[in-house]
Structures are given as C-alpha cells and as structure tokens.
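Notes for the one structure printed next.
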Amino acid sequence: MDPEFAEAFAKDERFKAGVSLDAPKDSNKSPIDLVREQAAGLVQAAVSYHEKKLPPASTYTAEDKTIAVENGAIRARCVIPVSAAADATFPVLVWFHSGGWVVGNPEQDDNHLRSVAVELQIAIVNVDYRLAPEHPFPTGLNDAYAALKWAADNAAELHVSLSKGFIVGGDSAGANIATTCAHLARDDAFFAGRPLTGQLVREPAVVHPHACPPEYQAELQSLELFKDGPLLTKEALLQCRALLQAPPAEPRISPLLFPSHAGLPPIFLTYNGADPLRDDGKLWARVLREAGVAVKDVLYPGVPHGFYYSFPAIGLAKKADQDLRDGLKWLLAGGKD
C-alpha cells in the first residue's frame with residue numbers, strides 16, 4: 001500500500017466502521033439509501049478540495065441544461081470557458097460520473113471540472129444520468145448516449161467546434177459508460193462526419209466477473225486480491241451490479257465483449273494498483289492496443305479505487321489530477337506522442 005495513503009486512511013474516522021451496502025439491523029434505512037449516504041461522504045473531501053482551487057467566476061459560465069431522454073428528461077451541468085472573442089469555440093468533453101451505476105451525481109466532479117475547463121479551454125457537459133435500482137439497465141447508458149448526441153446537436157449553443165475535439169469520459173461506472181458509448185458511436189451513422197476524437201477513462205470496469213471469457217481469466221486476478229478493499233470491495237461491486245440488473249454477457253455492460261475494438265478513438269486510461277478493478281484497466285489497455293487503438297495509460301501503485309476522491313491532497317491524487325489534464329491535452333493533440 002502507498003505509505004502516504006495508508007497513513008491518511010488509518011487516521012480517517014470515516015473508515016473505522018468500514019463501508020457496506022448492508023443496512024444495520026437497527027436501521028430504518030434501505031440499503032440503497034445507506035450506500036448513497038456513504039458515497040456522498042466518500043467524495044466530499046474532493047468536492048471541498050477542488051472548491052478551494054476554483055478559477056475566478058468571470059472565466060467560465062456554468063448552467064444546467066435539460067436533455068430529453070426516453071420516458072423523461074435529465075440534466076447536464078455545462079461549463080464553458082469565457083473568451084474575449086465573442087465567436088470563440090472550444091473542444092468538448094462529455095463526462096459521466098462514478099458511483100457503481102447506483103450512486104453519484106454531477107456535483108461530485110463539478111468543482112474539479114470547472115478548473116479543467118478553464119485551464120484547458122474546453123467545454124464540459126457533466127451528465128446526470130438516471131441510476132439503478134429505480135432505473136435499471138440500460139436506462140443510465142441510454143441517457144448517457146442521448147446526452148452525447150445532444151452535445152453534438154447543440155454544439156453551437158455550447159460554443160463548441162467538434163473538429164477541435166469531441167471527447168467522451170468518465171470515472172469507474174462512468175468510465176464503463178464512456179468507453180461503451182465510444183463503441184456505439186463508432187458504428188452509428190449519427191456521428192458520421194462528427195466522430196468522437198478521444199476517450200478519457202479512469203478506473204474502468206470492462207467485463208462482468210460472471211462473463212469473463214476463459215482466455216482472459218488468468219489476467220483478471222485483482223478482484224480476488226483486493227476483495228476486501230479498502231474503499232471498494234468485491235461484495236460492494238457485485239451488489240451494485242445486481243442492482244443494475246444488466247445481463248453479464250451484454251457488451252454494453254461488458255465492453256470487453258464487443259466483437260471488435262478496431263476504429264475506436266484514442267484513449268487515455270488510468271487504473272490503481274490496489275483496486276479490485278486494477279486488472280480491468282490493465283487488460284483494457286492491452287486489448288485496445290492490440291486492436292490498433294492509440295493508448296496512453298497510467299498505473300497508480302499501492303492505492304485503491306477512488307482514492308483521489310477520498311484523499312485528494314496526497315501526492316498520488318495530485319499526480320492523478322495533473323495526469324488527467326495532461327491526458328486531455330494528449331487527446332486534444334490527436335492522441336499522438
């Protein structure tokens with residue numbers, strides 16, 4: 001374990017009792033209410049940390065937009081840099097938050113993304129897709145894909161030029177959604193003439209444990225190695241998947257199973273050395289490289305899933321922040337070294 005993380009974790013009262021989706025017997029809270037309460041606490045440190053680093057309000061605009069989706073509507077937090085040139089246009093990042101498909105919201109990344117938007121002069125569409133179990137699979141994915149199309153159709157309103165960069169990204173479950181959307185968009189005539197140009201993928205899940213092909217099973221050991229966490233356990237991961245109700249072998253939840261990965265846009269990929277999903281990230285980088293996709297990947301040794309949300313001030317979390325910015329720059333440059 002990374003020594004700085006281990007010291008910070010040991011001193012943090014939030015983790016003394018552990019984290020679980022099982023409600024105590026004397027609690028009147030449902031398991032889903034409990035996990036959403038816990039999850040909000042786990043990311044609050046990052047929200048506060050990045051709030052202190054917000055750029056001046058005069059350097060960007062932030063507005064919630066409503067996006068029509070099947071059987072309803074969702075919102076997206078749209079952050080757009082302010083330029084002295086009235087006709088200035090920017091590349092765009094469409095972002096999907098973490099949370100195991102069952103928790104989370106745009107606010108957990110909002111402060112961080114505002115800083116990224118201003119520094120890199122990129123518009124960001126931060127999507128509030130609907131969550132399981134109230135909205136089981138594939139509702140959240142369909143919402144996300146609808147938001148991706150909305151961003152393309154509303155480029156002018158967003159002051160976006162898709163030719164400058166059209167990137168899809170996300171963290172954890174959001175990373176799964178993002179890289180799945182990249183596959184769907186590759187094959188969708190809607191995106192002809194305006195294709196995605198990059199993927200920003202952090203600590204992804206790319207195959208359901210119950211649907212892993214035999215040829216990959218030897219490479220996926222981290223789920224057992226780090227089954228007890230910290231921060232994310234095997235049990236919690238499987239409980240989230242059960243709430244999502246996605247068929248394990250469906251490529252839209254296990255993108256490793258898409259028949260082909262050729263023709264995907266370049267991907268900047270990060271994963272963590274003490275994470276049950278470590279080997280998902282490592283395998284995904286290899287498989288995409290073998291399919292001819294431009295890949296730039298970074299491993300953070302000795303830290304667990306979502307460490308930069310709970311402990312944003314440690315050295316590796318600061319590195320992860322800078323790597324995200326540098327990875328975006330690499331994608332905006334066409335994914336070329």
Side-chain angles (χ1 to χ4, degrees), residues 1-24 31-50 96-105 107-109 112 131 170-177 201-206 209 220-244 269-282 284 298-321 323-324:
M1 195 67 69
D2 174 71
E4 191 179 8
F5 169 82
E7 181 180 0
F9 183 82
K11 292 179 178 178
D12 198 310
E13 292 295 328
R14 292 173 297 170
F15 303 104
K16 296 298 184 184
V19 177
S20 173
L21 271 72
D22 295 319
I32 193 62
D33 287 339
L34 180 66
V35 74
R36 286 175 176 160
E37 180 180 290
Q38 292 173 339
L42 292 178
V43 302
Q44 184 56 45
V47 172
S48 300
Y49 177 84
H50 290 292
F96 308 122
H97 65 77
S98 63
W101 302 278
V102 300
V103 304
N105 54 56
E107 281 67 32
Q108 68 191 46
D109 296 311
H112 188 200
L131 302 174
D171 191 290
S172 192
N176 170 279
I177 290 171
V201 172
R202 305 177 94 191
E203 52 184 15
V206 299
L220 294 174
Q221 301 298 316
S222 58
L223 186 63
E224 287 300 321
L225 285 172
F226 305 108
K227 64 181 180 180
D228 296 322
L231 299 186
L232 177 67
T233 65
K234 175 183 176 180
E235 179 187 20
L237 225 169
L238 293 177
Q239 286 175 318
C240 286
R241 288 189 177 277
L243 291 169
L244 182 63
L269 169 65
T270 68
Y271 52 102
N272 312 320
D275 184 347
L277 294 176
R278 179 197 68 188
D279 292 346
D280 279 55
K282 185 177 179 181
W284 198 226
V298 180
L299 167 67
Y300 302 113
V303 284
H305 195 82
F307 73 97
Y308 37 72
Y309 283 110
S310 297
F311 301 96
I314 67 171
L316 280 179
K318 292 178 180 179
K319 182 180 186 303
D321 178 21
D323 287 345
L324 180 147

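Predicted model only: the values in this text are computed from it and were never measured.
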4.5 Å side-chain heavy-atom contact, Tyr300 and Asp323: yes

side-chain contact (heavy atoms from CB on, under 4.5 Å) between Glu7 and Phe311, intermediate numbers included: CA-CA 11 Å; Glu7 181 180 0; Phe311 301 96; over 6 Å; no

Sub-4.5 Å side-chain heavy-atom contact between Asp279 and Leu223: no

Within-4.5 Å side-chain heavy-atom neighbours: Ser222 and Lys282: no

For Ala6 against Met1, the heavy-atom pair lying closest together: CB-CG, 4.0 Å

Leu237 side chain near Leu277 side chain, heavy-atom distance below 4.5 Å: yes

Option passing side-chain hydrogen bond (donor to acceptor under 3.5 Å, both in side chains) with Ser172 (candidates His97, His305, Glu203): His305

Rounded distance (nearest 0.5 Å) linking atom CG of Leu244 with atom CG of Leu131: 10.0 Å

For the student: nearest non-hydrogen atoms of Ala173 and Gly100, plus distance: CB-N, 3.6 Å

Approximate separation, where rounding is to 0.5 Å, of Ile32 CD1 and Glu37 CD: 12.0 Å

Contact summary for Val103 and Ala39, nearest pair of heavy atoms: CG2-CB, 3.7 Å

Shortest non-hydrogen contact from Ala45 toward Ser310: CB-O, 3.5 Å

Row check, Tyr309 ring normal vs Arg14 NZ/CZ: under 6.0 Å, within 45°: no

Euclidean distance, Asp2 CG relative to Glu4 CD, rounded to 0.5 Å: 6.5 Å

Heavy-atom closest pair, residues Ala317 and Pro312: CB-O, 3.4 Å

Min side-chain heavy-atom separation Arg202-Tyr308 under 4.5 Å: yes

Worked check of side-chain contact (heavy atoms from CB on, under 4.5 Å) between Asn176 and Trp101: CA-CA 10 Å; Asn176 170 279; Trp101 302 278; 3.7 Å; yes

Distance flag, aromatic centroids of Phe9 and Phe5, threshold under 6.0 Å: yes

Close side-chain approach of Lys234 to Pro209, heavy-atom, < 4.5 Å: no

Interatomic spacing from CG in Leu316 to NZ in Lys318 - rounded to 0.5 Å: 11.5 Å

Considering all heavy atoms, the nearest Arg278-Phe226 contact: NH1-CE1, 3.7 Å

Beyond-backbone contact of Asp321 with His112, side-chain heavy atoms, under 4.5 angstrom: yes

Spacing of CG belonging to Leu232 relative to SG belonging to Cys240, to within rounding of 0.5 Å: 7.5 Å

Interatomic distance, Trp284 atom CH2 to Leu269 atom CG [nearest 0.5 angstrom]: 9.5 Å

